[in-house]
Every structure is written in C-alpha cells, then in structure tokens.
Amino acid sequence: MTGYIYPNADLIAVRQGDTFTIRLQLKKGCEDIDLSKAKINMQVRKIDDNQLMFDLQAADIDIKKGKVALLLTPEQTDIDVGDYKTDIQLTFDDGTVHTIFPADINKIAIFRITEQVTHE
C-alpha cells in the first residue's frame, strides 16, 4: 500500500504508478447505510483545465453494510507527478447526490501523485 488519505487536509497521496485501495464504510450515526441502490464514484481532474484523468466507480465489498472500495490501478496512478483535484460522490437510485470527500463543502480535495524511483 503506497498511498494515504489525509482527511483533515482533504488530500489523497499516491506514489506514481502504484496500486492503492481506498476502503470506505458509510454510516448514518451508528447505523450502516445500505448501498445496494447506490453508487460511489471518484473523479480525478487536472486543476488548470479540468481535464479528466480518470473516473472510477467503487467495487462492492459488503454493500448492505455500507462497505465499498475504490481500487486504483497502476495505469490510473501513472500520471505526471503533481497535484490534481478530486472528489468522491455517493449517488442513490432516486438521483440524490452527496459528496462524501471532501467533507468540507468550501474545499476542493487534492489528489497528489508523488515521485517514484523504480521504473520498468
């Protein structure tokens, strides 16, 4: 695992070209949220021109208990070193959308690619 989520800084950092799994479990209070009629999606875009770098839908782990994972592949993280903007959204089948990361509605989250040393 060569990535980290800094929730208080609204930052996800991943080493260039590496695999990284973001595991999520959503709850309302102490109750699990049933995600069987929902989807969770993450987009990463360039900051300057909004170009989409990748769009990723979460994989089900235990959707009845609100558990999903965003599985980032080496192909997705093999982009230029630097900062990008990102968010993670929850969309229910009735069309309601909730941005779950970043939690602060006044901020844009950063997806940071850090430099690697070993290249194939």
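Distance NZ/K46 to CE/M53: 5.5 Å, rounded to 0.5 Å. Separation of atoms CG (L35) and CG (L26) is listed at 5.5 Å; rounding is to 0.5 Å. Here the CD1-CD1 distance, from I110 to I12, works out to 10.5 Å after rounding to the nearest 0.5 Å. Put simply, CE on M42 and CZ on F54 are 5.0 Å apart, with the number rounded to the nearest 0.5 Å. Between I100 atom CD1 and N41 atom CG the span is 10.5 Å, to the nearest 0.5 Å. Here H98 contributes atom NE2 and T91 contributes atom OG1; the two are 8.5 Å apart, rounded to the nearest 0.5 Å.
Residues forming a ring-ring contact (aromatic ring centres under 6.0 Å, His included) with F101 (at least two apart in sequence, or on another chain): none. Residues forming a side chain to side chain donor-acceptor pair (under 3.5 Å) with D18 (at least two apart in sequence, or on another chain): T2.
A donor-acceptor pair under 3.5 Å is formed between the side chain of R15 and the backbone N or O of E115. In this structure a side-chain-to-backbone donor-acceptor pair under 3.5 Å is present from T86 to Q43. Judged purely by atom type and a 3.5 angstrom limit, Q76 uses its side chain to pair as donor or acceptor with the backbone of T73. Panel note: side chain R112, backbone A13; no donor-acceptor pair is recorded below 3.5 Å.
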In sequence, state the C-alpha distance, the side-chain angles, and the governing distance for Y4 and L11, and then conclude on side chain to side chain contact (heavy atoms under 4.5 Å, CB included).
CA-CA 8 Å; Y4 196 79; L11 170 68; over 6 Å; no
Residue pair L24, L70: steps toward the side chain to side chain contact (heavy atoms under 4.5 Å, CB included) verdict:
CA-CA 8 Å; L24 302 170; L70 292 156; 4.2 Å; yes
Residue pair N50, K85: steps toward the side chain to side chain contact (heavy atoms under 4.5 Å, CB included) verdict:
CA-CA 8 Å; N50 210 36; K85 59 185 176 178; 2.9 Å; yes
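For K27, the NZ atom counts as densely surrounded, since its 6.0 Å shell holds more than 12 non-hydrogen atoms of other residues, nucleotides or ligands. No more than 12 heavy atoms of other residues, nucleotides or ligands sit less than 6.0 Å from atom CD1 of I108.
Under the 4.5 Å side-chain criterion, counting only non-hydrogen atoms from C-beta, Q16 is not in contact with I79. With a 4.5 Å cut-off on side-chain heavy atoms, I88 and I40 count as touching. Looking at heavy atoms from C-beta onward, D87 lies in side-chain contact with P102 at the 4.5 angstrom threshold. At a threshold of 4.5 Å between non-hydrogen side-chain atoms, the residues I63 and V68 count as touching. When side chains are defined from C-beta on, Q25 does not count as touching D62, because their heavy atoms never get closer than 4.5 Å. Here the side chains of D80 and I113 are not in contact, with every heavy-atom distance at 4.5 Å or above.
Nearest heavy-atom pair across F92 and D34 is CE2-O, 4.4 Å. Minimum heavy-atom separation, A103 to D10: N-OD1, 4.3 Å.
Residues V44 and L56 share a single hydrophobic cluster, defined by chaining ILVMFWY side chains whose heavy atoms lie under 4.5 Å apart.
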